[in-house]
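Small disclaimer: the values here were computed from a predicted structure and weren't measured. Values below: every heavy atom of this structure, side chains too, minus hydrogens, waters and symmetry copies. To find a chain, count down the sequence lines: A is the first, B the second, and so on, and within it residues start at 1.
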Number of protein chains: 2
Amino acid sequence: MTRIARVERRSGRPRSEDADRAIIEATLELLAESGIAGTTIEGVAARAGVGKTTIYRRWKGLEDLICDAVAELKGPPPTLPGTSIRDDLLTLAEAAARGRESARNRKVYACFIGEMARYPALDAQYRESVIRPRRAVTMAALQRGIDRGELRDDLDLDVLAEIVTAPTLHWMLHNPDRSPSREQLEQFLDGVLNGVARR
Amino acid sequence: MTRIARVERRSGRPRSEDADRAIIEATLELLAESGIAGTTIEGVAARAGVGKTTIYRRWKGLEDLICDAVAELKGPPPTLPGTSIRDDLLTLAEAAARGRESARNRKVYACFIGEMARYPALDAQYRESVIRPRRAVTMAALQRGIDRGELRDDLDLDVLAEIVTAPTLHWMLHNPDRSPSREQLEQFLDGVLNGVARR
């Protein structure tokens, strides 16, 4: 019994993984081309060359599928070196930039910003399943920086997080055809760490 | 002659201004509801209750109309107090927040970010006619701050501009249902001016 089950899984798994991969890629392509408004289960199924039931066997619905697709695109939250707050924040900035390397991926990010206000259910699920675990890594790094005396302890943690992450994220949104260089990420980071006022 | 011309303008102007106003409002409503993809001259004409020729008499085409509509929504660049770089930057941040007071206006901004990559002609015109003159005010304020010794002179001016403006702009994009409080704007500004690293 065990052996048969294993063989079944072995032969079945690659096909299923291929289908999952094709479905995720089709979702990202449709999001980049036509935005959230133009992305449907029917369209994904047609693009991926699978039946709708194959999608529904794996995802509860369109919100689930879109959140999973964007989470795949972002990749897992990075492992931080923990050597200094500067090293940790630079690693986080580089990870944020990495998910946007292709024009397709940048269009997916942009369409999320643009259309999310019209899809409250998707927005809520995206914030919960994609944003929250990644933001938690940033918040933990910042808290460690405060605890170790590297960061000011008189700032609201949300304000601190916004100040530290916004330049990179905002720059990428408004320069969708370029990736920030490492030097640029360091300039943003050192600017917010040391301040831009002369002293 | 002079008198007749004045009377003509007097009686003509309100009607024409009313139509212009209705066209601009219809454009903003369509952008908020359906994004750039759902905004057409035909749709604006129908919503505003005017003929297409009325729109084409005043605007060269859809790009022109959309850029004008968003420029109206932003309002003219603010007059800066010039008393200190902090006062100037706070005035600029408050002006940026002001254009986003209504949910409709925030949706218009968001759809621009989301869809612009798909409309290069509109993107180019928007950057030139709407962004550039407003950015020039910020850049001039920053240069004055450097010249007066208030800001570090060792930072790239574009990097400096991004660091100073990004927290407010990025926060507003991701919190489309709230307006930042003045206290929050000051926290962002003082954070980037003084730096978030402990010293």
Examine whether an atom of [X] lies under 4.5 Å from a heavy atom of chain B, and if so say whether it belongs to the side chain, the backbone or both; otherwise answer neither.
| X | value |
| --- | --- |
| A:D154 | neither |
| A:R127 | side chain |
| A:I163 | both |

Is it possible for you to say whether [X] and [Y] belong to one hydrophobic cluster, with membership spreading through side-chain heavy-atom contacts below 4.5 Å?
| X | Y | answer |
| --- | --- | --- |
| A:L142 | A:L189 | yes |
| B:V130 | B:V137 | no |
| B:L169 | B:L160 | yes |
| A:I131 | A:L92 | no |

Interface residues of residues 191-199 of chain A facing chain B - heavy atom cut-off under 4.5 Å: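 Residues in range: A:G191, A:V192, A:L193, A:N194, A:G195, A:V196, A:A197, A:R198, A:R199.
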Using a heavy-atom cutoff of under 4.5 Å, enumerate the residues of [range] that contact chain A, numbered in order, or state 'none'.
| range | value |
| --- | --- |
| residues 63-78 of chain B | none |
| residues 27-46 of chain B | B:L31, B:A32, B:E33, B:S34, B:G35 |
| residues 48-57 of chain B | none |

Hey, which of B:Y109, B:F112, B:W171 has the most heavy atom pairs under 4.5 Å with chain A?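 Sorted descending by pairs with chain A, the first entry is B:W171.
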Are there more than 12 heavy atoms of other residues, nucleotides or ligands under 6.0 Å from atom CZ of A:R148?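 Correct, the count exceeds 12.
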I'd like to know whether CZ of A:R21 has more than 12 heavy-atom contacts from other residues, nucleotides or ligands below 6.0 angstrom.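 Yes, because the 6.0 Å sphere around CZ of A:R21 holds more than 12 heavy atoms from other groups.
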Of B:D158, B:L155, B:V159, the residue whose pairing with A:Q187 passes side-chain contact (heavy atoms from CB on, under 4.5 Å):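 Only one of B:D158, B:L155, B:V159 forms a side-chain contact (heavy atoms from CB on, under 4.5 Å) with A:Q187, namely B:V159.
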Going from CD on B:Q184 to CG on A:D156, what distance comes out if it is rounded to the nearest 0.5 angstrom?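 Going from the CD atom of B:Q184 to the CG atom of A:D156 covers 8.0 Å.
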Do A:L173 and B:L173 have side chains that approach each other closer than 4.5 Å (heavy atoms only, starting at C-beta)?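 Yes. Closest side-chain heavy atoms under 4.5 Å.
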